[in-house]
Amino acid sequence: MRTENVMCDVLTLLVPSIFLWILATYILVRSYPYKTARFLAAGILCSAVGFTAELIALMVSTDWSRSIHLYVGVIALYLSFAFIVHILYDMIQTMQPSHMAGLPRIFYGFSILMLGMGYVGSTIMTQPLISTLANIGSCTVVLALLCMGYKYVVSAGHQLFFKVCFGFAAIACFGIVLSGIPVVSFPFVVPATPGLWLSAMACTLIACFIVKLNLVPSAAKRYSSLMESSATPMVILDNNKQLLEVNDIGKLNYQMRIQTDFRNYFNYQNDPDAWDQMFAHLDENFTIKGYRIHYLNEDGNENIVLIDASKVNLGCETYYYCMIHEVTQEFQLRTLNEYLAYHDVLTGVYNRAYFEGEVKRKLAQDRKPDGAMIICDLNFFKEINDTYGHQIGDQVLIFTARFWREHLPKPHLFARLGGDEFVMFFEEINSEDLFLKQVNKVRNAFQYNLYRQDQIQIEIVPSIGVAFVGEDGMNYEQLYHTCDTRMYDDKKTVKEQYCMKQVCFNRHHI
């Protein structure tokens, strides 16, 4: 009979202990990133330690049995209860911040104090009256927290949680008051500390609600919530690039549907190998960031997306996680900014900064010096502005820039220096004489191609200066200075001979 009683005690303590160890492990694996889950696991572990301590105490000598019960079992009970209080406190704090930040610390401190007091403190707390009062006080604190939680909760899941927990705590408190110390009456049903069963059941109850109502989301739930709440389209693909999951913003922006080919939503006719190259990179490196895809939208306009993707192998299956960043407007803005940085806003030709940089780069190359530079200035431009206004003057500049670009020998680099001055650079010319004839032909063509608007007719009268690479200099500054000097010499000649409608120039004064 005694052996049967011992076996009953062992099973009564061993089964809850094993169950609590497994439950704590499950909670940690499922929701470790959440503080509430870690506190719950700690509370469950303390209860498991308490049951294990009582089991060990049952199997050792009487002297050791009491020490294990007082130093391990009782302290584990207090710590478990402190973690339960902390869980309830954190839940309330998330909904209604309060000034009770020290409440959980009181219980932790009490447990540490009991451990510090050692045998005397544990003996005092196991006295019938003191133990009953401590249990009633603890249950009262829990009841108060549950009432506060129920008052401030918003979701139906949290309301149900606090309601059920309040009922459980009320029954536990009522039972403790009525029974006093149940250890004497039921030595083979409960361990020496009845609160241990209460803490174990409380932790189990909270764990059930966490799992059932997702009060603390699992890893899968967290990732699902992250996808749905993200403002960036996110998709999960299988090995065949078929859509397995897509969040709401992806469905809205691209009308994506499950079990369809992800690549079909981006018309990439201009670069048919773009997707193959991306997935080949993923297969080799497992991740890619900022991969650019150009595609045509439903209106036939070119759009741009950047893809951040990762390849994940789960068992025998391969999955691709992709985030889609629509950057069409950003690229358009960047393109516009780059254009404005290197182009003249009025005429659309290159500006001085870009021209100077490009010419210096070309001159620095190790090659045969056979290029040329031209600077052009418009005569009588001030009179045009004064007579017809600056709007007409701007149109004259646009007309002049277009005429030069269309008729000059190609290839060439053409820019506006500012005001009515333009500059041109020719990287290669066949011969100096032939080049001068071509330039002379274009300049004389202005006499027969007047700017016309309404009743206005304006003849463009340019002055130009030419410098040849090698003969007149090998760097930008030398060529520019030579061109500038010859242009002003030409300006004097043009103004003197303008009335004769003929401009004569030679290779040194062109």
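Note that the coordinates shown come from a computational prediction; the quantities given were computed from them, not determined experimentally. Here, residue 1 is the first one in the sequence, and each next residue gets the next number.
With Tyr320 as reference, Asn239 is the one residue of Ile236, Asn239, Asp238 to meet the side-chain contact (heavy atoms from CB on, under 4.5 Å) rule.
To the nearest 0.5 Å, atom CZ of residue Phe266 and atom CD1 of residue Ile304 are 13.0 Å apart. Atom CG of Leu40 and atom CZ of Arg38 lie 12.0 Å apart (nearest 0.5 Å). The CG atom of Leu413 sits 6.5 Å away from the NZ atom of Lys362 when rounded to the nearest 0.5 Å. In this structure, the separation between CG on Leu282 and OG1 on Thr318 is 11.0 Å, given to the nearest 0.5 Å. Interatomic distance, NZ of Lys360 versus CG of Leu479, reported as 11.5 Å (0.5 Å rounding). Distance CG/Leu397 to NE2/His390: 11.0 Å, rounded to 0.5 Å.
Residues Leu243 and Leu237 approach most closely at CD2-CD2, 3.5 Å, considering heavy atoms. Contact between Ile307 and Cys322 at its shortest, heavy atoms only, is CG2-CB, 4.4 Å. When all heavy atoms are compared, the tightest approach of Met373 to Val359 is CE-CG1, 4.0 Å. Heavy atoms only, all atoms of each residue included: Gly250 and Pro233 are closest at CA-CB, 3.8 Å. In this structure, Gln255 and Leu252 approach most closely via the heavy-atom pair NE2-O, 2.9 Å. Minimum interatomic distance between Ala76 and Val49 (heavy atoms only, all atoms of both residues): CB-CG1, 4.3 Å.
Side-chain contact check for Leu244 versus Gln259: some heavy-atom pair is nearer than 4.5 Å. The side-chain heavy atoms of Glu326 and Asn303, taken from C-beta on, include a pair separated by under 4.5 Å. Between Arg416 and Val423, the closest side-chain pair of non-hydrogen atoms is not below 4.5 Å. Contact of the Phe279 side chain with the Lys241 side chain is registered, since non-hydrogen atoms from C-beta on lie closer than 4.5 Å. Proximity of Val246 to Tyr254: side-chain heavy atoms (C-beta onward) are nowhere separated by under 4.5 Å. Residues Arg292 and Met278 have side chains not in contact (no heavy-atom distance under 4.5 Å, counting atoms from C-beta outward). Side-chain contact between Ile324 and Met256 is present, with at least one heavy-atom pair separated by less than 4.5 Å.
Checked by atom type, the side-chain pair Glu330/Thr328 shows no donor-acceptor distance below 3.5 Å. Side-chain contact check for Tyr265 and Thr260: at least one donor-acceptor pair (N or O, by modelled atom type) lies under 3.5 Å. Tyr319 and Glu245 share no side-chain donor-acceptor pair at under 3.5 Å.
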From CA spacing to verdict: side chain to side chain contact (heavy atoms under 4.5 Å, CB included), Leu340, Val345: CA-CA 7 Å; Leu340 294 177; Val345 177; 4.1 Å; yes
In sequence, state the C-alpha distance, the side-chain angles, and the governing distance for Ile27 and Phe39, and then conclude on side chain to side chain contact (heavy atoms under 4.5 Å, CB included). CA-CA 10 Å; Ile27 293 297; Phe39 275 117; over 6 Å; no
Chi angles and distances behind the side chain to side chain donor-acceptor pair (under 3.5 Å) call for Tyr476, Glu358: CA-CA 10 Å; Tyr476 178 85; Glu358 278 296 295; over 6 Å; no
Met424/His412 under side chain to side chain contact (heavy atoms under 4.5 Å, CB included): CA gap, chis, key distance, verdict: CA-CA 7 Å; Met424 311 145 215; His412 63 262; 5.5 Å; no
Determine whether Glu477 and Tyr480 satisfy the following criterion, side chain to side chain contact (heavy atoms under 4.5 Å, CB included), listing intermediate values before the conclusion. CA-CA 5 Å; Glu477 288 74 14; Tyr480 185 90; 5.8 Å; no
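Heavy-atom neighbours of Gln391 CD from other residues, nucleotides or ligands within 6.0 Å: at or below the threshold of 12. Residue-environment remark: CD (Gln329) stays at or below the threshold of 12 foreign heavy atoms within 6.0 Å.
Of the possible polar contacts, one joining the His343 side chain to the Tyr339 backbone as a donor-acceptor pair under 3.5 Å is found. The main-chain N or O of Arg263 is found under 3.5 Å from a side-chain atom of Asp261 such that the two form a donor-acceptor pair. Remark: side-chain polar atoms of Asn351 are not paired, donor with acceptor, to backbone N or O of Ala415 under 3.5 angstrom. A donor-acceptor pair under 3.5 Å links the side-chain atoms of Tyr291 to the main chain of Ala274, judged by distance alone. Asn247 places a side-chain N or O within 3.5 Å of a backbone atom of Thr232 that can act as its donor or acceptor partner. Distance alone, capped at 3.5 Å, places no donor-acceptor pair between the Arg402 side chain and the Arg405 backbone.
Under 4.0 Å is where a charged nitrogen must lie from a carboxylate oxygen, and between Asp308 and Lys289 at least one such pair does.
Between Phe355 and Phe425, the angle of the ring planes goes over 60°, which puts this pair in the perpendicular group of the 30/60° scheme. Using the six-membered ring where Trp is involved, Tyr350 and Tyr354 have ring planes that are parallel, under 30° apart on the 30 and 60° scheme.
A search for salt bridge (charged side-chain N to carboxylate O under 4.0 Å, His left out) contacts involving Arg257 returns nothing, not counting sequence neighbours.
By the 6.0 Å and 45° rule, Lys311 stacks over the aromatic ring of Phe286.
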